[in-house]
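Read the structure below first, then the notes.
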Amino acid sequence: MRRKKWILAVLAAAVMAAAVVKAWFIEPIARIEPLKEVTDLSEEWIVKSGSLPSEGEMEYHYRIPKDDPKDLVFAVENCGEPFRVYLDGEAIFQYNDKYREKGLMLQWIPLSADAGGKELTLCIGEEVGEGLLAGKYASWIGPQDAVFLKVVEENLYMAFLGCFTIILGIAVTVMSFAFTGRSPVTVKKSFRYLGIFIFLTGVWEITDSSILQIVTGKTAVITLFSFFSFMMMPCFFVCFMKTMMTEGKKALSILEFLYLANAVFTSGSYLFRIFNLYETLSIQHILIVVSVITVLFYGIREVRQKENRKIRKTIIGLGFLALSGMISLGVFYTGFFRLYPVFYSTGLFIFIGCLASTAVDELYYHLEASASTKVYRSLAYTDVMTRMNNRSAFIEEQERREVKTGEGCIVMDINSLKQINDQYGHLEGDSLIRDAAECIRQVFEGIGICYRMGGDEFVVILENTTEEDLKKNIQNLERQLEYKNRDRKFPIVIASGYEIAGEEGSLMRDLLDGADAGMYRKKQAMKEKHQKI
C-alpha cells in the first residue's frame, strides 16, 4: 500500500508539472503592454569631453527622445561620490556627501515637462563613471511609475527574502521563550541566538535594497540600520556556535568581544565624523572571514575527533556561506555593488537552513534524553509491585522539606503480614500487599501522594486537610477494605495513624514520627482487642 502511494504521488507531481507547462504556452486573450519601456542608460551613455567637468570627472551625455512622456525621471545610484546633472547645459541637480552620511541609494531626479529632445549630462568621478558604463551602478530614465516598477523588480527578491527571513527569525526567537522551565538552558540560548541572527539577516537584506529607501525617503536611517544589522549578525552567529561546540569557546568569546568593540568604534566614528561607515566596513569583513575560519577549524576537529554530529550540518552550511561570501566580497571590492547581495544572500539562506536543522537536531536530542531521564527516574522512584512512589521518592521529595500549616500525614501498616508469609508463602503475602495498595490508591489518589515505604508500611501526604477530613478518609479506606475482603481468603487489616502540621517550619520527618506513633498505638489497641476475643 505504501509503495502504491509513492507511485501515485510521483504520478500526480508529473501530471501537475505537465499541466503547468501547457498553461505556460497558452496565449492570453488580452495581453497587458507596458506604457513605456525604461531605458537602461548604461547601454546608452556617450562619453565625450566638454567644458562642464571639473578635474578628475567624467562627462556622460544622453539625448532624450522628443516623443518621451512629460513625467520623466532620471534615476542614478549616487555611490557616495559627488555628481552634477545638467539639462541642455543648465544645472538641475547637485549631490555632495563629504562624510557619506546620507546613505547609498538611487537618486530620484524628476525632469521638466519639456525635457524631450534635450541633452541630459551627468558629471561624476572617473572611478564611479567607468562603473556606469559597465553596468556596475544603476542609471535609468523613463516615466516615474515605470522607473519605480523597475526599481521594485530589481529589488523584489531581496525584499521578499528579507521579509521571509524576518518572520522566520521572530518565530524562532518566540519559540525559544516558549520552552518549558525543564528544557536545557543551552537549547533555549541556542534557539534565541539563532532567532536573533536570522532576524538581523532579514533586516540587513530588506534595508540593503532600494525599496525602503525610496518609499520612506529616510536614506540615512535605512543605511544605518543596514550597517548595524550587518555588524551584529555575525556576533549572534558566534554566540550560537558557542552553545553548540565544546571546543574553541575562548576564541569565539574573543570574536564576540571584537564584534561588539567594532560596533562601538563604527558608531562612534559615524557620530563624530572620524571615519565614514564605508571606510570601517573592511574591519567587519575581516572579522567575518576570521569567524568562518575559526568555526570551520574547531568544528571540523570536533566532528573528526569527538564525532560531534550535531554541528556537521552547520559546517556544511558554513562551507556554502564561505564560498558565497568570498564571491560576494570579490564582487564588492571590484565595484559590482549591485551583485554582491545576490551571492551573499544565497549563501546566507542555505546557511540559515543548515543552522535551523542543527538547532532542531539539538532540541530533539535533549528531548529524547529528557524522556529517557524521566523513564529512568520513574523506574528509580516507583515501587514495582504496587505502582506507588517508593521510599527513595519519599526521601527525595518529602522528608527533608519543611511542611505547611494544614498538611497531613497518614502512616499505615498491614497486620499479620509476617505470619501469612511464614505459613502460606511470599506469593500470598505479595497478593495481600498488592490488594492493600489498590485500596489505598482508590481512596487517596487525587487528594494526596501515596508511598510504599517498604514491606507492609505505607504513607500518604495530604495538603490543606483537617482532622475531620483525615478521619473520614480513613473510614472510606476501611469500607474499601471490607469490600475487597469479600473475595479474599485472608482478610486485609490495616492499622493507621495520622498527624497534622499546626504551624510552618517543622520538618516532614517530625510529622511522620507523630503519625507513626499514632499508628503503633492503633496497632497495639487492635492486638489487645483481638486477644480479648
Side-chain angles (χ1 to χ4, degrees), residues 39-64 72-112 115 118-141 147 151 154 207-210 212-214 216-227 266 269-282 331-341:
T39 302
D40 187 345
L41 293 176
S42 63
E43 303 172 359
E44 302 291 337
W45 285 124
I46 298 175
V47 182
K48 60 182 181 180
S49 60
S51 59
L52 294 175
S54 303
E55 186 178 350
E57 285 187 343
M58 294 183 70
E59 186 176 323
Y60 297 84
H61 296 266
Y62 172 72
R63 179 67 63 178
I64 302 172
L72 287 179
V73 168
F74 172 47
V76 60
E77 282 185 323
N78 59 21
C79 315
E81 298 290 336
F83 67 90
R84 303 185 306 280
V85 179
Y86 299 84
L87 196 60
D88 268 358
E90 181 183 351
I92 61 170
F93 185 84
Q94 183 173 342
Y95 175 85
N96 189 17
D97 184 14
K98 181 180 178 181
Y99 298 100
R100 303 185 78 174
E101 296 173 327
K102 299 177 181 179
L104 299 184
M105 71 160 291
L106 203 67
Q107 293 294 334
W108 199 264
I109 307 167
L111 301 180
S112 59
K118 293 184 178 181
E119 187 175 59
L120 180 72
T121 304
L122 172 67
C123 298
I124 197 166
E126 289 184 2
E127 183 179 349
V128 178
E130 293 174 356
L132 284 170
L133 290 176
K136 297 178 182 179
Y137 307 105
S139 56
W140 298 306
I141 190 170
V147 175
V151 174
E154 290 282 320
T207 54
D208 201 55
S209 67
S210 298
L212 273 183
Q213 295 178 343
I214 290 179
T216 64
K218 301 291 185 180
T219 58
V221 175
I222 300 300
T223 301
L224 205 59
F225 268 102
S226 179
F227 266 85
T266 302
S269 297
Y270 175 84
L271 282 173
F272 301 104
R273 291 182 170 177
I274 301 171
F275 299 101
N276 67 57
L277 293 173
Y278 302 93
E279 289 174 335
T280 61
L281 194 58
S282 58
V331 168
F332 180 84
Y333 284 107
T334 53
F336 290 91
F337 300 113
R338 297 171 66 187
L339 295 178
Y340 92 93

Is there side-chain contact between L120 and L87, with heavy atoms separated by less than 4.5 Å? yes
If I take atom OG from residue S139 and atom CG from residue D40, how far apart are they, to the nearest 0.5 angstrom? 6.0 Å
Hey, could you give me the CG/CD1 distance between L72 and I109, rounded to the nearest 0.5 Å? 12.5 Å
With I274 via side-chain contact (heavy atoms from CB on, under 4.5 Å) - residues at least two apart: S269, F272
Check salt bridge (Lys or Arg N to Asp or Glu O under 4.0 Å) between E279 and all other residues, then give those that pass, not counting sequence neighbours. none
When rounded to the nearest 0.5 angstrom, what distance separates CH2 in W140 from OG1 in T39? 12.0 Å
Could you state the interatomic distance from CG (N276) to NZ (K98), rounded to the nearest 0.5 Å? 12.0 Å
Please name all residues satisfying ring-ring contact (aromatic ring centres under 6.0 Å, His included) with F93, sequence neighbours left out, ordered by chain then number. F83
May I have the step-by-step check of side chain to side chain contact (heavy atoms under 4.5 Å, CB included) for F227 and L281, ending in yes or no? CA-CA 9 Å; F227 266 85; L281 194 58; 3.7 Å; yes
Side chain to side chain, I124 and V76, heavy atoms closer than 4.5 Å: no
Taking only residues two or more places apart in sequence or in another chain, which ones pass side chain to side chain donor-acceptor pair (under 3.5 Å) with W108? none
If you look at every heavy atom in A75 and V147, which pair is closest and at what distance? CB-CG1, 3.9 Å
Testing the basics here: between E81 and Y95, what is the closest heavy-atom pair and its distance to 0.1 Å? O-CD2, 3.5 Å
Results of side-chain contact (heavy atoms from CB on, under 4.5 Å) for D88 - residues two or more places apart only: R63, K118, E119
Distance check, rounded to the nearest 0.5 Å: T207 atom OG1 versus F225 atom CZ? 9.0 Å
Measuring from E57:CD to L122:CG, what's the distance to the nearest 0.5 Å? 9.0 Å
Sole candidate of F74, Y86, W45 that passes ring-ring contact (aromatic ring centres under 6.0 Å, His included) when paired with Y60: W45
Residue list, side-chain contact (heavy atoms from CB on, under 4.5 Å) with T266, at least two apart or on another chain: M231, N262, L277, T280
